[in-house]
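Protein chains get the first letters and strands the later ones, always in sequence-line order, with residue 1 at the start of each.
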4 protein chains.
Amino acid sequence: MSPIKDIFDNTEIKKKPEGFAPHRQKIHEIIFEAETTAGRLFDVMLLIMIFSSIIVLMLETVPRYYAAHKHIFYVLEWVYTIFFTIEYLLRIYCVYRPAYYIKSFFGVIDLLSILPSYLTIFIPGMHSLMIVRGLRLLRVFRIFKLDSFTEQGNIILSAIIESRKKLAIFAVTIIIMVTIFGSIMYLIERNVNPNFDSIPRCIYWAIVTITTVGYGDISPITSFGQFIASIIMLMGYIIIAVPTGIVTSSIMREDKNSMNTITCPNCTKEGHDKDAKYCDRCGNSL
Amino acid sequence: MSPIKDIFDNTEIKKKPEGFAPHRQKIHEIIFEAETTAGRLFDVMLLIMIFSSIIVLMLETVPRYYAAHKHIFYVLEWVYTIFFTIEYLLRIYCVYRPAYYIKSFFGVIDLLSILPSYLTIFIPGMHSLMIVRGLRLLRVFRIFKLDSFTEQGNIILSAIIESRKKLAIFAVTIIIMVTIFGSIMYLIERNVNPNFDSIPRCIYWAIVTITTVGYGDISPITSFGQFIASIIMLMGYIIIAVPTGIVTSSIMREDKNSMNTITCPNCTKEGHDKDAKYCDRCGNSL
Amino acid sequence: MSPIKDIFDNTEIKKKPEGFAPHRQKIHEIIFEAETTAGRLFDVMLLIMIFSSIIVLMLETVPRYYAAHKHIFYVLEWVYTIFFTIEYLLRIYCVYRPAYYIKSFFGVIDLLSILPSYLTIFIPGMHSLMIVRGLRLLRVFRIFKLDSFTEQGNIILSAIIESRKKLAIFAVTIIIMVTIFGSIMYLIERNVNPNFDSIPRCIYWAIVTITTVGYGDISPITSFGQFIASIIMLMGYIIIAVPTGIVTSSIMREDKNSMNTITCPNCTKEGHDKDAKYCDRCGNSL
Amino acid sequence: MSPIKDIFDNTEIKKKPEGFAPHRQKIHEIIFEAETTAGRLFDVMLLIMIFSSIIVLMLETVPRYYAAHKHIFYVLEWVYTIFFTIEYLLRIYCVYRPAYYIKSFFGVIDLLSILPSYLTIFIPGMHSLMIVRGLRLLRVFRIFKLDSFTEQGNIILSAIIESRKKLAIFAVTIIIMVTIFGSIMYLIERNVNPNFDSIPRCIYWAIVTITTVGYGDISPITSFGQFIASIIMLMGYIIIAVPTGIVTSSIMREDKNSMNTITCPNCTKEGHDKDAKYCDRCGNSL
């Protein structure tokens, strides 16, 4: 029922085992909880470190910056890597169930965000994989009003999970359609337009067109090709309504289920929160 | 009520006639049913053949690959064609009602997917028509949890069928609008912009614009042209909401109809499956 | 309540005045009604004439075709103009209330579709205005199942009319937003990018971007410009949800109002047509 | 409950203090109210001034116009600035609670719209900030049927505020997605495509693609890059459904709450206005 809750706030991992050393308990509170000042401070600092590490990683790929500040980038990278490694080891040290944490969603992400740095010592190409640190930003929702955000996130995720079969059918239909459209355009344009020189590229064009992205790097030049392209576009225009309809329908159902179904007897307002005791428009008792 | 059911799982064709030969019955089970291990294996193998044949067909059109592996492509094509021909003949041989199968949706698709190969012996241009094999991929839904997928597919299809009149009115309105917009832009841009040199091409531009595809191969260059184009874009922005609204409204109604209307008396959750006996949130009996 | 009904099927105009000449009544039946074979034939022929006249008009603007068939286009144009003039005069002659017809929606369109041809004798530029004939295609809905189509068209139109205030507020907000976004981009890009050389052009860019059309004829080249453009795009991504939400909400309400609110007591299906007496899923009496 | 009402029509500011001078009261009626002829005239004139001042400001940035009419632009700018300054001072003079007005939404906008002109005397670059005058156009809703427009605006604003948490989660998810997609494309294309030369630019490309804007200034050229881009586009196609679903769901709830929940006992029409006493379809008493 609550996929995001499991990721952020698993109760299993929260049961304190007996005989847990007090100094480990203290570190546990700082790292895993946000109620104390120290815990809150740690969370904020961690987010700043994650965010700045990603910014540094991006800027490093800009040739201009890299050429000018090569050494600074090298030093910063290892500062971040060592910081995140210590943080990872501390988490394992002070978590109640280390095995559970290591296999958890954030446990894997935490490991993946430090591994590439060490791998680059042996294999040069691994460097760019560090961008996986981006996923660590998901921790942002932990700090501010966790419950209310995860509840809303659950609604979105549940809606997408609920409509996964419809979306799969839709995706397969789209793939078959772009295959056929791409092939038709290949037959029409191949002799005059060097951009339509193979079916895979024509399918790429069909996807660019039907999703309304429309780069324009490949576009029909024959009158008949433009005519067929127009039909594909108009079909894509109506087809885009289908996934929207599917997801909207699911979100509305989830929204409704997540809410109190009691209508205010005084002002008839609907859609109160699950735990509301009074109408938030007229103050009447529900 | 169930358009997809008819295509995949027609009951008429499933009635076994009396005096049906046992060896034909055995082949029938392998080809048409997925309950036995052999039947399941056949289905998976068939899908692999269909999928790989399409990939081969596409790669063949890439000049680089074709030049390098001309003979392999030629051999592979005939391997696929002969395989699919045998499969088609076997289907006719072991189906309970051959005439019914041949005229059915998949019967026609199966024939169309082998015909072009034979036609290319006489007429060279037919080759690319083989891409119709893509439609055979629709069989993918047959293997895994057929009923649940077709039910979801029926909801989408029913929603589109239900809203076909609204979508037709919308399509005609759009066609009239792009005709008028294209003509206006022709009057404005034709003297200075060689891309706006005829009304059909201006209509093509209007379609590219109003569907928000926006290739950029044709775009206004005069200030007034850009002003009018801006108005068309903003209108298109709001107009795109119409088909979405139409389809969403239909999908929601179909979703609702496909569900149990009973609200859980304990936790008030709605939207249970048609055959649900207990609430999937609180376990209460419905 | 029924805006399209008024246009297509006004009852005022349908009251036969006393002493109406029989031969005028006969022409009236052919032109204005579709029940008789002659009337149906006339409608089909008229649509063919309208449709082909528009095609001819478009092809005439294609330089290649015009150069080759100049005289044919000239002749065809006058054939259409004379045909539509006779039709217009016949309509005035045989309609029950000529004054009412002339001022009606289709009366004005009918006149506007022949006027430009005569005007070109005196003023050359008027020629392209003939494209207004496109509006005559709206008659297409008259032939097949009129009532059911106009009912669906009314739902769409009523939904748009109902949400006109929300859409107006949205449109004004968008116009203010693109003005501000365009000005910001002007400040950022003007010194390095010749395409961002004035605020009106930057606003044009902002509209092209926020509507997700994205021609690419004008695009930011500075890093900061691309950063701001990214924010505008992500905002546009969420903003596009607003008109869709507005129109969807209205269409659903109109859909619901246009339907029978009775739920089938047997299978709980909802959403039956207004005049349904039996459930179309289980056949139960409603 | 009514965010727009607060901005346009704050009741606090409307309480007339005792001993308010009659001539100030007279100016107050002209400027702040639209019931009298003079007040209405003032409002219309003010809007014309605001609108024309923005047009002038825009045209000034067009090099061609500026070169030709440099002096006219200079004079016009100071005419507008002086007019708006007098208007601002008059507002402070005649408003019941000056301090409240100065800190209010429109009070700040009014000041910001005149400040840049004076600042340009000392700092040349400030000139373009005058475009903030655009926000003054929001006053447009004050003139015509204020209450009904603000009610509709409140529905939109409330819907967006209500779904702010879902939209925030969605925005963060999108930002993480484009970061990862951009990095993947950087790894694929960087060696062959000079446009994919840094991760920030690749993220810009990912945003341009996932929002379906698709300029085409940067597009993949390798087969594998186009394949990954196709997957990103198809994902973006389905992802765009999420914000639409979120906002649509909220707007429908707000629409419902803003309406009378009474169903007409005669014709079962729903969705009457809050203060409706009779059904607007059949005239039955509600």
Side-chain angles (χ1 to χ4, degrees), chain A residues 54 57-65 125 128-129 131-132 134-135 137-138 140-141 148-149 151-153 155-156 159-160 167 170-171 174-175 178 200-201 203-204 207-208 210-217 240 243-252 255-256 263 268-271 280-281, chain D residues 1 162-163 165-166 168-170 172-173 175-176 179-180 182-184 186-187 190 197-203 208-221 223 226-227 229-231 233-234 236-242 244-246 248-250 252-254 256-257 260-262:
Chain A
I54 291 161
L57 209 58
M58 285 177 185
L59 294 181
E60 197 180 333
T61 67
V62 181
R64 192 156 36 106
Y65 296 152
S128 304
L129 295 177
I131 210 74
V132 85
L135 287 176
L137 279 177
L138 288 170
V140 80
F141 292 119
S148 130
F149 268 104
E151 194 197 340
Q152 297 297 312
I155 291 173
I156 298 176
I160 291 170
L167 293 175
F170 176 75
I174 285 290
I175 288 165
V178 293
R201 184 170 285 193
I203 291 172
Y204 166 72
I207 291 172
V208 168
I210 217 166
T211 59
T212 77
V213 171
Y215 287 134
D217 52 349
I240 207 171
T244 308
I246 292 169
V247 174
T248 303
S249 178
S250 290
I251 287 180
M252 287 189 69
D255 262 356
K256 221 175 172 182
T263 302
T268 72
K269 186 179 186 285
E270 292 180 8
D280 64 354
R281 184 154 65 188
Chain D
M1 280 316 293
E162 196 195 285
S163 48
K165 282 180 189 171
K166 286 203 198 77
I169 292 168
F170 175 75
V172 170
T173 313
I175 287 165
I176 293 170
T179 307
I180 292 167
S183 306
I184 292 170
Y186 172 70
L187 298 179
R190 62 176 161 174
D197 64 347
S198 70
I199 288 181
R201 185 171 285 192
C202 289
I203 291 171
V208 168
T209 300
I210 217 165
T211 58
T212 78
V213 171
Y215 287 134
D217 52 348
I218 307 175
S219 62
I221 54 171
S223 298
Q226 293 181 341
F227 178 71
S230 299
I231 292 170
M233 279 177 246
L234 289 174
Y237 199 48
I238 288 170
I239 286 166
I240 206 170
V242 173
T244 309
I246 292 168
T248 303
S249 178
S250 291
M252 287 189 69
R253 214 170 316 121
E254 290 298 322
K256 221 174 171 181
N257 281 333
N260 205 318
T261 53
I262 299 166

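Counting heavy-atom pairs closer than 4.5 Å to chain A, the top-ranked of the candidates T248(D), T211(D), L234(D), V213(D) is L234(D).
Considering CD1 of I180(D) and CD1 of I175(D), their distance stands at 12.5 Å, rounded to 0.5 Å.
Neither the backbone nor the side chain of I210(D) comes within contact range of chain A; no heavy atoms are under 4.5 Å apart. Within the 4.5 angstrom heavy-atom criterion, only side-chain atoms of I160(A), from C-beta onward, approach chain D. For V178(A), no part sits under 4.5 Å from any heavy atom of chain D, backbone or side chain. Interface remark: I174(A) contributes side-chain atoms only to the contact with chain D (heavy atom separation under 4.5 Å).
Nearest heavy atom pair, residue Y215(D) against residue V208(D), reads N-CG1, 3.4 Å. Considering every non-hydrogen atom in both P63(A) and S198(D), the closest pair reads CD-CB, 4.3 Å. The shortest non-hydrogen separation linking I199(D) to M58(A) is CG2-CG, 3.7 Å.
Remark: side-chain polar atoms of S249(D) are not paired, donor with acceptor, to backbone N or O of G245(D) under 3.5 angstrom.
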